[in-house]
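Here is the structure we will look at.
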Amino acid sequence: MTDTYGKYSMHHVPFGTHQISAKLVGFETAIKILEVRGQEVITLNFILQEKTQLLETVTISGQSEKEKKENLAEAIDVIETKEVKLQSADLGEVMTQAEGISMQRAGGLGSNTRFALNGLSDDQVRFFYDDIPLNFTPYAFGIANIPINAINRIEIHKGVVNIQFGADALGGAVNLVTPTIYEGLSGSLAYQYGSFNTYRVTTHLSYANDNSRYFINTGGFFDNTNNNYKIDVAIPNELGTLQPQTVKRFHDGYRALGGYLKKGIRQKPWANVFSLEGYLGDYRNEIQNSQVPELIDLSQLGLNEVVDGNPFGEVLFTSQSQGLNLHYQVDLGGPKSSKWETKQIEQGWAIDLKAGYNSTERMSIDTSRNLYNWSGEIERIQIQAGEFEEDDHLITTSQSYFIRQQLNYRFSKRHHVKLALAPTYSYRTGDDLLVDGEFDPALDDGYLFDFVIGIEYRGIFLNERLQTIVFTKNYIQNIRIESLDPSLREMIVDQCSVNNNGVGGGLRYARSPSFSTKLSYKFAYRLPRQDEIFGDGQLKRENLDLRPESSHNVNFQWGYIGKLNTKTDWQVNASFFIRSINDLIFLVVNQDDFGFYQNVWSASSQGVELSGKIEIGLAGAICLQCQPFNWIFNFSTQFYSL
């Protein structure tokens, strides 16, 4: 291969006579004879003549990763981030472009975020980062705050989630896929600046050598904002009458930083990929008011809703997280590719193992006796410490381990079965620094063990027009709490366990390349998470009586692709979904601003979605990097009852 200027070199050529040929598409091949008699430098130049004959039209077609995923039997939408990386958007803004997704923030960057997919939200939807649970990454503090530069595409699994993730997802799953590491050195640096002293820095650097098969990938991020935007509040005047006033928030800053380093090898005879990744994350969040601030109506003064009550001036939440992840993947049959992309085997075994460890420490600090007003001034000193009406200086620590083991066997290119084993173990304890003595409720030890086992079959029939997937899952959970009873002065042990089974499947029928339809169903369980059972040590209390959620999920979709003319393509997609949930886990907030999770009887969500796209090519343009003009519309509506 020559460089861009046509220069080339050959070293250590043996003595003797050699034939050298130069080839280039669209030109005649040139051949010259090379005589090597000793240690010398020989210059051999080629001038190629352009071919004069006409070539027949050649059409090359293939599927992108987005098309491959969306053409599976499951209900999957894929969002590619190539274009939005040039915009000052975050992941939350990008994901809301997909139909059926809504994301609500309680404030600015770093505030609480509610993600909903077809009416189901919070932990009912699982989040993954390259198939790894998001809480085992440096981005465990919220999906909406992940920098878009760190993501290549977003895979949204609606309702029906197969055994790929080894998870107990109830309403769906979101998988964030990182960019491919290509040979050589590459990197990126992004900086964003906005209002309220908001700035975000993201960096990424990778290097790979296809000769040694070694690669390294590293990156980091830093986010900061004051969140001192204006809000309407109610402030009493000299007579004690509430009056509306517009003020700036003064104690609502957010800072987050993190980084990762991954090293590994790939395309060895004994491993397609073997890598080890270390990561860390840290965040600091100032709290301005309670998580459910009281809103009052002052419509007689021109404002419908204003915030009532005193703001917080010193409440602080922090969290630090670090861990390790291991990935090992190998095909035990079939040829290997010499490049990074692995050639898919047609028959034989394949193993994909992911394992990880995470350590997280959370701290909540609320020890001030100062009472602040909305001007950020100390109004008076209180007798009782704590702006939440109860002083608090609590530290909670957790240790978590996970394994995702997939064993896949292909009978042929069209039929294969897969076994997935996914155990997760967590241990959590705490320490209330304001409690003296040995009877500290925060010192209770919590143990949580989840185990999801799945078996799956995929098949392709009718000359690839019909795809089918069938799977079953078994969900096991064991909970154990060890606490010291101050009255009995002995250790009390509470424990419980559950064992449930779920099934699912999907069909995709493509009558022609233009028309396809899908039908998928799943009966699934979702096991309560660690924070739901034990609380988070900050604003959420424990509830050991939580039951797993269960759900019937149905999706029906169809899509059509057509042409208006040779340069204009169009497509339309429609879908209908049903979600019927029992024992829904819901966050309830008490009057003291602390919340806990509890089961409600049932909930349901039904809806329809419609989306379309018109793609107009560039007339008369010959350009490998030119993009067609796209006009996209999305429509979705849903009905939710609780």
Side-chain angles (χ1 to χ4, degrees), residues 72-75 120 123-128 131-136 157-173 175 349-356 400-409 415-427 446-459 468-480 495-507 520-530 532-533 544-555 579-585 599 602:
L72 295 176
E74 301 97 305
L120 300 184
D123 276 335
Q124 294 152 4
V125 180
R126 296 294 190 218
F127 299 99
F128 299 88
D131 295 354
I132 294 175
L134 194 63
N135 56 310
F136 286 87
H157 299 248
K158 295 186 174 181
V160 178
V161 181
N162 58 27
I163 69 173
Q164 169 187 350
F165 304 109
D168 52 341
L170 192 72
N175 186 33
W349 293 94
I351 298 174
D352 193 348
L353 170 67
K354 294 182 174 71
S400 300
Y401 307 83
F402 86 95
I403 296 176
R404 298 290 185 270
Q405 170 70 68
Q406 296 185 48
L407 184 61
N408 185 19
Y409 182 76
H415 303 277
H416 76 265
V417 295
K418 182 186 295 184
L419 171 67
L421 306 174
T424 304
Y425 173 79
S426 300
Y427 163 74
Y447 303 88
L448 181 65
F449 176 73
D450 295 342
F451 195 12
V452 180
I453 305 171
I455 301 176
E456 172 185 293
Y457 165 78
R458 284 184 183 270
T468 181
I469 176 176
V470 180
F471 60 86
T472 180
K473 292 182 181 181
N474 178 246
Y475 309 88
I476 300 173
Q477 184 175 68
N478 294 320
I479 305 171
R480 178 183 175 91
Q495 57 185 359
C496 63
S497 61
V498 295
N499 191 329
N500 302 105
N501 295 295
V503 296
L507 293 171
S520 56
Y521 165 79
K522 182 182 74 169
F523 174 66
Y525 285 88
R526 185 185 76 83
L527 305 173
R529 298 292 92 193
Q530 179 186 150
E532 294 173 327
I533 298 173
L544 308 183
D545 298 324
L546 282 178
R547 300 182 302 275
E549 299 172 323
S550 62
S551 174
H552 295 274
N553 297 336
V554 179
N555 296 291
R579 309 283 184 263
S580 179
I581 310 106
N582 291 317
D583 290 324
L584 178 70
I585 297 176
N599 295 100
S602 63

Sub-4.5 Å side-chain heavy-atom contact between [X] and [Y]:
X	Y	answer
Val417	Ile455	no
Leu419	Gln406	no
Phe523	Asn500	no
Cys496	Arg480	no
Leu421	Phe451	yes
Ile163	Lys418	yes
Asn162	Arg458	yes
Pro423	Phe449	yes

Between Asp131 and Gln164, is the side-chain hydrogen bond (donor to acceptor under 3.5 Å, both in side chains) condition met? List the steps.
CA-CA 8 Å; Asp131 295 354; Gln164 169 187 350; 3.3 Å; yes

Kindly compute the distance separating [atom1] ([X]) from [atom2] ([Y]), expressed to the nearest 0.5 Å.
X	Y	atom1	atom2	value
Lys158	Asn553	NZ	CG	13.0 Å
Ser426	Tyr401	OG	OH	10.0 Å
Asn599	Asp583	CG	CG	5.0 Å
Trp349	His416	CH2	NE2	12.0 Å
Asn135	Ser400	CG	OG	6.5 Å
Gln405	Leu353	CD	CG	5.0 Å

Considering all heavy atoms of both residues, which atom of [X] and which atom of [Y] are nearest to each other, and what is their separation?
X	Y	answer
Gln477	Leu448	NE2-CD1, 3.6 Å
Asn582	Ser602	OD1-CB, 3.6 Å
Val452	Ala167	CG1-O, 4.2 Å
Ser520	Val160	OG-CG2, 3.6 Å
Phe128	Ala173	CE1-CB, 4.0 Å
Val498	Pro548	CG2-CG, 3.9 Å

Could you walk me through whether Arg529 and Asp450 pass salt bridge (charged side-chain N to carboxylate O under 4.0 Å, His left out), step by step?
CA-CA 9 Å; Arg529 298 292 92 193; Asp450 295 342; 3.1 Å; yes

Derivation and outcome, side-chain hydrogen bond (donor to acceptor under 3.5 Å, both in side chains), residues Asn501 and Asn474
CA-CA 5 Å; Asn501 295 295; Asn474 178 246; 2.7 Å; yes

Between Glu532 and Ile585, is the side chain to side chain contact (heavy atoms under 4.5 Å, CB included) condition met? List the steps.
CA-CA 9 Å; Glu532 294 173 327; Ile585 297 176; 3.8 Å; yes

Check the pair Ile479, Ile533 against side chain to side chain contact (heavy atoms under 4.5 Å, CB included), reporting the backbone distance first and the verdict last.
CA-CA 9 Å; Ile479 305 171; Ile533 298 173; 3.5 Å; yes

Verdict with supporting geometry, Glu74 and Ile469, side chain to side chain contact (heavy atoms under 4.5 Å, CB included)
CA-CA 8 Å; Glu74 301 97 305; Ile469 176 176; 3.6 Å; yes

Please lay out, stage by stage, how Tyr457 and His415 fare under the test side-chain hydrogen bond (donor to acceptor under 3.5 Å, both in side chains).
CA-CA 8 Å; Tyr457 165 78; His415 303 277; 2.7 Å; yes

Run the salt-bridge test on Arg526 and Asp168 with the 4.0 Å N-O cut-off and return the result as yes or no.
no

Would you confirm whether the ring centroid of Phe136 sits within less than 6.0 angstrom of the ring centroid of Phe402?
yes

Arg404 side chain to Phe165 backbone, donor-acceptor under 3.5 Å:
yes

Do Arg579 side-chain atoms and Val554 backbone N/O form a donor-acceptor pair below 3.5 Å?
yes

Lys522 and Ser551: side chain to side chain contact (heavy atoms under 4.5 Å, CB included), yes or no, with the steps?
CA-CA 8 Å; Lys522 182 182 74 169; Ser551 174; over 6 Å; no

